[in-house]
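Here's the structure, in structure tokens; my notes come after.
This one's a predicted model, so the numbers in the text were calculated from it and none came from an experiment.
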Amino acid sequence: MSTSGVKLQTAPHGASDLAHIVLTFDNNHHARGLFGQFDQNLALIEQQLGVDVRARGNQVTIKGEPVATEQARRALDWLYDRMESEGLEPEASDVEGALRMAMADDDQLSLPTLDGAHRLAAAQIATRKRTVSARTPNQDAYMRALERAELVFGIGPAGTGKTFLAVAHAAMLLERGQVDRIILSRPAVEAGERLGFLPGDMKEKVDPYLRPLYDALYDMIPGEKVERALAAGVIEIAPLAFMRGRTLSHAAVILDEAQNTTSMQMKMFLTRLGENARMIVTGDPSQVDLPPGQRSGLIEALDLLAGVEGIVTVRFGEADVVRHPLVARIVAAYDRAGGRD
């Protein structure tokens, strides 16, 4: 336990029904990092939860509605534990992620996201370069699904972390020796542009479509190791068309932007699954760039494979967007417009 002297006090009877919690942190240096410069992290918690949070030395006093004060306690406890284990001071995005987890409804938190001491226990993916923690309940469910299922669909809008977390999980499996290679693929279909109009050979034509996968890899694995793994074929990045006729064994296989697959392409890809392989399919059914009248292979697969044993589907929404807060509002606006069509 990384906090000590945690006291829960109730405001005097008759004053109000407000709760009063005092947290005492063992490490003064980490406590200062937790609070943020000019206590900016505590101010963010106040703003999001409507509680009063005040720091003095290595202590924090939280006052407010009982549910909100408990959520603030969970978030601060979890951020402090993460500082102690990883040595990194939380940024605003980390605080917002902790708050999303803490504010999740009790039914979700009674599952694996709360431990016996009612402390947040968000799922994590650890590689040599960095450790990634779930920032929303759906991210938590997705990361846990990746651990236990051989085929996982991650479905939802941009900015929810579905591709990034898939690549991070694949990198972790490779480091652990649980798979021998990583295979990353995307259909080479994008809005308004085709491969034939791009300059260069096939690799140069395809690379722009696969850039998000490269970016995620370099976030998880040191650059020189990525380059060596690419040269040795331990990490393979290829367009979907190159998957035909192969059996993908002892590998972590990711298909990104799967909404742009045809029915035949999706069936072809899913049937590549071989011995001791993990397959992750990510996509956003609202962003299909196929020709008009052609059904997305992802949408069809989600219908056909619903309830099939061994397959897990995790659906993300606007509340899971972990990019700039404006992205979540943009997604919500488009969703509302779609509902009126």
Side-chain angles (χ1 to χ4, degrees), residues 48-49 71 74-75 78-79 82 90 92-115 119-126 131-170 172 212 216 219-220 254-259 278-287 298-299 301-303 305-308 310-336 338-339:
Q48 293 285 338
L49 296 179
Q71 290 168 347
R74 289 174 186 163
W78 183 70
L79 288 166
R82 190 167 169 230
S93 59
D94 298 315
V95 178
E96 289 170 354
L99 289 171
R100 284 193 192 95
M101 295 294 291
M103 293 166 67
D105 62 46
D106 288 339
D107 286 341
Q108 287 172 303
L109 286 174
S110 64
L111 295 172
T113 51
L114 273 189
D115 66 15
R119 298 164 67 85
L120 282 177
Q124 292 186 329
I125 296 173
T131 298
V132 180
S133 299
R135 292 184 174 180
T136 74
N138 281 330
Q139 282 194 355
D140 187 84
Y142 184 54
M143 293 162 73
R144 295 178 193 278
L146 294 175
E147 282 283 353
R148 70 176 188 270
E150 293 179 316
L151 174 55
V152 177
F153 286 89
I155 309 303
T160 52
K162 55 189 185 296
T163 299
F164 180 79
L165 293 175
V167 174
H169 182 74
M172 181 180 70
D219 271 344
M220 290 297 117
I254 299 172
L255 175 61
D256 190 33
E257 298 290 343
Q259 74 275 5
R278 294 297 183 97
M279 188 170 278
I280 309 166
V281 179
T282 66
D284 179 0
S286 71
Q287 297 290 319
L298 174 63
I299 294 173
L302 292 172
D303 290 340
L305 302 178
V308 173
I311 299 175
V312 177
T313 299
V314 178
R315 296 181 183 273
F316 297 90
E318 62 183 82
D320 299 298
V321 174
V322 292
R323 291 181 183 167
H324 192 286
L326 187 56
V327 175
R329 296 196 288 273
I330 291 171
V331 170
Y334 273 92
D335 285 347
R336 288 193 298 272

Main-chain N/O of A98 paired to R74 side chain as donor or acceptor, under 3.5 Å: no
Nearest atoms (heavy-atom pairs only) where I254 meets A170: CD1-CB, 4.0 Å
Taking every heavy atom of A123 against every heavy atom of R144, the minimum-distance pair comes out as N-NH2, 3.5 Å
Rounded distance [0.5 Å steps], OG1 in T136 versus CG in L99: 13.0 Å
What I'd like to find out is whether the side chain of Q287 reaches to under 4.5 Å of the side chain of E257, using heavy atoms alone. no
For A258 and V281, which heavy atoms make the closest approach, and how far apart are they? CB-CG1, 3.4 Å
Which heavy atom of D284 sits nearest a heavy atom of G156, and at what distance? CB-O, 3.2 Å
Using a 4.5 Å cut-off on heavy atoms from C-beta on, say whether the side chain of R82 contacts that of D94. yes
Supply the atom-to-atom distance I155 CD1 to N138 CG, rounded to the nearest 0.5 angstrom. 12.0 Å
When rounded to the nearest 0.5 angstrom, what is the spacing between CD in E96 and CD in Q48? 6.0 Å
Please answer whether the main-chain N or O of P157 pairs with a side-chain N or O of K162 as donor and acceptor at a distance below 3.5 Å. yes
With M172 as partner, the option from L146, V132, I125 fulfilling side-chain contact (heavy atoms from CB on, under 4.5 Å) is I125
To the nearest 0.5 Å, how far apart are CG in L298 and OG1 in T282? 8.5 Å
What's the spacing between D219 CG and F164 CZ if we round to 0.5 Å? 4.5 Å
W78 to S133 - nearest heavy-atom pair and separation: CZ2-CB, 3.4 Å
Would you please say whether a donor-acceptor pair under 3.5 Å links the side chains of T160 and D320? no
Can you find a heavy atom in the side chain of D256 that is under 4.5 Å from one in the side chain of V167? no
Supply the atom-to-atom distance Q124 CD to M143 CE, rounded to the nearest 0.5 angstrom. 7.0 Å
Validation row: V314, Q139 side chains within 4.5 angstrom (heavy atoms): no
Check I280 against A166 and note the closest heavy-atom contact, atom names and distance. CG2-CB, 3.7 Å
